[in-house]
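Chain letters run A, B, ... following the sequence lines, proteins first, then strands; residues in each count from 1.
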Amino acid sequence: MLLGHIVDVLGGSLEGGARDTAIARIAPLEVAGPGDLSFLSNPRYQQQLAASRAACVIVAPALREAALARGACIVADNPYVYFARATQLWRQRNAPARPAGVHPSAVVDPTAQVHPTATIGPLCVVERGARVGADTVLKSRVTVGEDCHIGARCIVHSGVVIGADGFGFAPENGQWVKIEQLGAVRIGDDVEIGANTCIDRGALQDTVIEDGVKLDNLIQVGHNVRIGKHAAMAGCVGIAGSATIGAHCTVGGGAIVLGHLELADNVHISAATVVTRSLTQPGQYTGMFPIDDNARWEKNAATLKQLHSLRERIKALEQALKAA
Amino acid sequence: MLLGHIVDVLGGSLEGGARDTAIARIAPLEVAGPGDLSFLSNPRYQQQLAASRAACVIVAPALREAALARGACIVADNPYVYFARATQLWRQRNAPARPAGVHPSAVVDPTAQVHPTATIGPLCVVERGARVGADTVLKSRVTVGEDCHIGARCIVHSGVVIGADGFGFAPENGQWVKIEQLGAVRIGDDVEIGANTCIDRGALQDTVIEDGVKLDNLIQVGHNVRIGKHAAMAGCVGIAGSATIGAHCTVGGGAIVLGHLELADNVHISAATVVTRSLTQPGQYTGMFPIDDNARWEKNAATLKQLHSLRERIKALEQALKAA
Amino acid sequence: MLLGHIVDVLGGSLEGGARDTAIARIAPLEVAGPGDLSFLSNPRYQQQLAASRAACVIVAPALREAALARGACIVADNPYVYFARATQLWRQRNAPARPAGVHPSAVVDPTAQVHPTATIGPLCVVERGARVGADTVLKSRVTVGEDCHIGARCIVHSGVVIGADGFGFAPENGQWVKIEQLGAVRIGDDVEIGANTCIDRGALQDTVIEDGVKLDNLIQVGHNVRIGKHAAMAGCVGIAGSATIGAHCTVGGGAIVLGHLELADNVHISAATVVTRSLTQPGQYTGMFPIDDNARWEKNAATLKQLHSLRERIKALEQALKAA
């Protein structure tokens, strides 16, 4: 691909380089060779810029001079977004698009509605009454349960299960009586769902994933959950039943949100944090035991079990000192 | 469905309403409309009762008066269990039962024994010597490994893997020598297993899941584990090898039980808790760093690494004060 | 199998017993019966040795006398490795090998290269340009994505997804722009991957799993990760994008390694620990809130949120005492 073609399609201004320079691939600054396009999105890595052997580097206007001192650059307002769009260009060019349609090995119920531009990959299962929207791709081995709906332009990776029964049981005499899960799952447009992630159907109403949500791999979304627009969650997250996650929230890897809680819009949960109460204010929230070498951890963890009594001892000391 | 039919099948007494009232669906109190059946299982939500537009509400005897002040009600000793049974009635009425038998896309070894009333869904794999009991349903894309047995009336959701090799290796000269896993998995009756959950085969003996156990999605059950009757575990739980979980235990989402431990009957583990020792007494156990806003967490987490030395300083203060 | 045959194949010296003793199975010391072979790898369990009814026990040279006092034994330098090899012998003898080749229900792209000695199990998907090496086994329902390579003698358990897109998005105006994942996954020789584990393809370069790595079930390996030779990870681990794990590292169940970190060779992470910084020194590292009964945990957790101010109070006490 020629540099000239890239700026013709994606915009930005090519400086210090020729439009007919051929680009073989996109590569990180530190490994890019003379046939590669690279990018600098974080000014902290500016030192890598000077040393890079890339044919051309995408930079922000503020770094134009530094970049030109090295060689060719594309100046763009948001280099990281520009880089993202460049990867899309690459993919279109180099990977033949999957043909739309239903792979012959998939099992699609005759009552399911699959848009003619959707792609149902090998060994998928689409059950009775399910719907798959325009340009949506189910990669391979995806299950879409009864009456579950997926919007347009979604990407659903391999092994995903949409619409398994939510986990609902009523205790009776030491046993569990199943609560049949009568709701379904409704997924908006432009949603991406990572490999082996599970989204359970609602108990009485639907579990809802709004437009633009991005879920990584091996995430558990319980029944009746609602995830707001453009929220994003990293791998191994668990969202318990009936939780409501606001728009634009982010949840770090391995975090757990307990059931029936509400997270306001723009709440950001750090990795491995357990959300045990509703969070009504935007912001970053964390709860995680800091890592340490094992011997020090053992000492501190043992003391932690006496923390409440240590506080009492501090109080007693304060009173004794006051009295003295 | 008519209210009269519901009480004829499920019991309870219909009061303040007509037997021929038609019910369109079951719905939570706050969203139920004039064609809906609802329920009040937790007296804390009594305020929602008065405001509900439901055609009929299932209530406990103690709330009979309050419910009648509003309109029709079904009085039942355990409204939550009654509600559960109502969902089952709904499902039977509205969802055509899956036909028993093996879906043509499933791969079932000729030596496997599948009960004629069992349902093997699309794209399942049932390996050599496996057994699937009466009325058990494997939804879709379930693997049942060699010689693994599943009892009667079980529900196994999509993507479940029963009988993958347990994780066993002997270290030798910096490499790992595989310990072949010669046991299998034995699952009792009335067990439900959530989507993409994994239950490994035992190393020498069998991994055992007893009757009535309920497992949510994305749970890992290691080799040689035994889970006692009617235990229940929420999503993303990990049970390491050779752990024994007592009957009627519950394990919250994301909790981890380390290997070779024993949990007595009726032990309840909170979400995201790590069980690092055997628990011989029934009760609720917790270990989880409390969530906080990120700035406060950072301060407290930094101090936590000095906790042991803080204790020493308190001791020193106490001695100094005593000496003074 | 006869004891004589076992030592002929695996070495070690048979003492106090007859070569023609028939062995029915391998069993743990405490359950082994008179037809069973057992082993004692941990001297702590020496008491179980005397009580065992096993036909023969594998022991280290130091325990030869104690073992002979009970009956037949096989003396081997490393009884645990000997036991591992014995399980392999058992498996070869008792389980007919899966035939090499591609199961007719698998979907293998014509451009994929599958070694003739490899086994592609039922309902697997091997995409365009993928490669599967000699003697490697994909159990069932495994996906190997485009251009991903798996070496020789690997075992990939059911439900594994290799080569789903890494989780990469650039934020723009409150929405997410997809970064196409242009790299692939390269897996070395003698790697074992547990059920439903996911290994994402790299963004620009490849995600790399080196020789001899052992991954348990339900593990998430993000894009661009590199896992060094003979590392081992227990179930439910999450390795975020661009992390580098050294050779011979071990990671306990449910642990999380954050993105872009480096773990030196021989770093050992305890279960449920969150790695938030690079670890340049070998050793054991831990960070996990100690479990307690719920009431005590609540008290200590509440105090933990005041820990920083408790430290200030200790400081103030120290100064007051000094001044006094």
Side-chain angles (χ1 to χ4, degrees), chain A residues 105 107 123 125 141 143 145-146 159 161 164-165 167-170 172 174-180 182 196 198 200 203-205 218 220 222 236 238 240 254 256 258 270 273-277 283-290 292 296 299-300 302-304 306-307 310 313-314 317 320-321 324, chain B residues 25-28 31 78 80-81 83-85 87-88 90-91 94-95 103 105 121-123 139-141 155 157-159 192 194-196 212 214 216-218 230 232 234-236 248 253-254 271-272 288-294 297-298 301-302 304-305 307-308 310-311 314 317-318 321 324:
Chain A
S105 67
V107 178
L123 303 170
V125 176
R141 303 198 295 101
T143 291
E146 285 176 23
V161 180
D165 280 352
F167 197 63
F169 301 93
E172 184 187 41
Q175 306 200 10
W176 302 102
V177 180
K178 181 167 176 74
I179 298 168
E180 290 289 345
L182 305 174
N196 282 350
C198 301
D200 280 350
L204 297 174
Q205 303 182 278
L218 288 168
Q220 155 65 358
C236 307
I256 298 275
L258 298 191
S270 301
T273 292
V274 188
V275 183
T276 51
R277 56 182 170 90
Q284 180 86 31
Y285 297 85
T286 310
M288 170 211 312
F289 201 106
D292 211 338
R296 277 199 298 260
K299 274 187 179 179
N300 287 322
T303 311
L304 184 50
Q306 315 163 10
L307 187 54
L310 286 183
R313 284 161 68 182
I314 293 171
L317 282 165
L321 208 65
Chain B
R25 52 170 201 165
I26 307 174
V31 302
N78 188 333
Y80 197 49
V81 167
F83 153 67
R85 296 239 152 79
T87 63
Q88 296 176 4
W90 236 257
R91 181 149 189 88
N94 294 292
H103 192 277
S105 66
L123 303 169
K139 293 281 187 167
S140 63
R141 304 198 296 102
I155 302 173
H157 288 281
S158 298
E192 183 160 346
N196 282 348
K214 309 297 180 185
D216 198 356
N217 300 350
L218 288 167
H230 309 296
C236 308
H248 306 289
M288 169 210 315
F289 202 106
I291 188 171
D292 211 338
D293 78 61
N294 188 67
W297 170 79
E298 276 192 352
L304 185 50
K305 293 185 129 182
L307 187 55
H308 185 71
L310 286 183
R311 194 183 66 164
I314 292 171
L317 281 164
E318 287 166 341
L321 208 66

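With sequence neighbours excluded, no residue forms a ring pair (Phe, Tyr, Trp, His ring centres under 6.0 Å) with A:Tyr285. Here A:Gln306 pairs with A:Ser309, B:Arg311 under the side-chain contact (heavy atoms from CB on, under 4.5 Å) rule; sequence neighbours left out.
Atom-to-atom distance recorded for B:Lys214:NZ and A:Phe169:CZ is 5.0 Å, nearest 0.5 angstrom. In this structure, SG in A:Cys236 is found 9.0 Å from CG in B:Leu218, a value given to the nearest 0.5 Å. In this structure, OG1 on A:Thr286 lies 8.5 Å from CG on B:Asp292, to the nearest 0.5 angstrom. Taken to the nearest 0.5 Å, the CD atom of A:Glu172 stands 13.0 Å off from the OH atom of B:Tyr80. For the atom pair B:Arg25 CZ and A:Gln205 CD, the distance stands at 6.5 Å (nearest 0.5 Å). Note that CD1 of B:Ile155 and CG of A:Asp165 are 6.5 Å apart. Values are rounded to the nearest 0.5 Å.
Contacts of A:Ile256 with chain B are made by side-chain atoms alone, with heavy-atom separations under 4.5 Å and no backbone atom involved. In this structure, the portions of B:Asp216 lying under 4.5 Å from any heavy atom of chain A include both its backbone and its side chain. Looking at A:Leu310, the atoms closer than 4.5 Å to chain B (heavy atoms on both sides) sit in the backbone and in the side chain alike. In this structure, chain B has heavy atoms under 4.5 Å from both the backbone and the side chain of A:Thr276. Both the backbone and the side chain of A:Thr143 come within less than 4.5 Å of a heavy atom of chain B. The parts of A:Gln284 that come within reach of chain B are both its backbone and its side chain, each placing non-hydrogen atoms under 4.5 angstrom from that chain. With a 4.5 angstrom heavy-atom cutoff, A:Arg296 does not touch chain B via any of its atoms. With a 4.5 angstrom heavy-atom cutoff, A:Leu317 touches chain B via backbone and side-chain atoms both. Both the backbone and the side chain of B:Ile26 have a heavy atom closer than 4.5 Å to some heavy atom of chain A.
No other option in B:Ala272, B:Ser140, B:Gly254 has as many heavy-atom pairs under 4.5 Å with chain A as B:Ser140. Ranked by non-hydrogen atom pairs under 4.5 Å with chain B, the options A:Leu307, A:Leu304, A:Leu258 are led by A:Leu304. Each of B:Met288, B:His103, B:Glu298, B:Lys139 has some count of heavy-atom pairs under 4.5 Å with chain A, and the biggest count is that of B:Met288. Contact count against chain B (heavy-atom pairs under 4.5 Å) is highest for A:Thr303 among A:Ile314, A:Thr303, A:Val107. When each of A:Ala320, A:Gly159, A:Ala302, A:Gly168 is checked for heavy-atom pairs under 4.5 Å with chain B, A:Gly159 comes out on top. Counting heavy-atom pairs under 4.5 Å between each of B:Ala195, B:Ala234, B:Gly235 and chain A puts B:Ala195 at the top.
Residues B:Leu123 and A:Ser105 share a closest heavy-atom pair of CD2-O, 4.3 Å. Minimum interatomic distance between A:Glu180 and B:Thr87 (heavy atoms only, all atoms of both residues): N-OG1, 2.8 Å. Of all the heavy atoms in A:Lys178 and B:Gln88, the pair that sits closest is O-NE2, 2.8 Å. Between A:Pro290 and B:Phe289 the shortest heavy-atom distance is CD-CE1, 4.2 Å. Contact between A:Asn196 and B:Asn196 at its shortest, heavy atoms only, is O-ND2, 3.0 Å. Of all the heavy atoms in A:Ala164 and B:His157, the pair that sits closest is CB-ND1, 4.0 Å.
Two residues are said to be in side-chain contact when any heavy atoms from C-beta on lie closer than 4.5 Å; A:Val161 and B:Asn217 fail this criterion.
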Evaluate the side chain to side chain contact (heavy atoms under 4.5 Å, CB included) criterion for residues B:Glu192 and A:Phe167: first the C-alpha distance (whole Å), next the side-chain angles of each, then the deciding distance (0.1 Å), finally the verdict. CA-CA 9 Å; B:Glu192 183 160 346; A:Phe167 197 63; over 6 Å; no

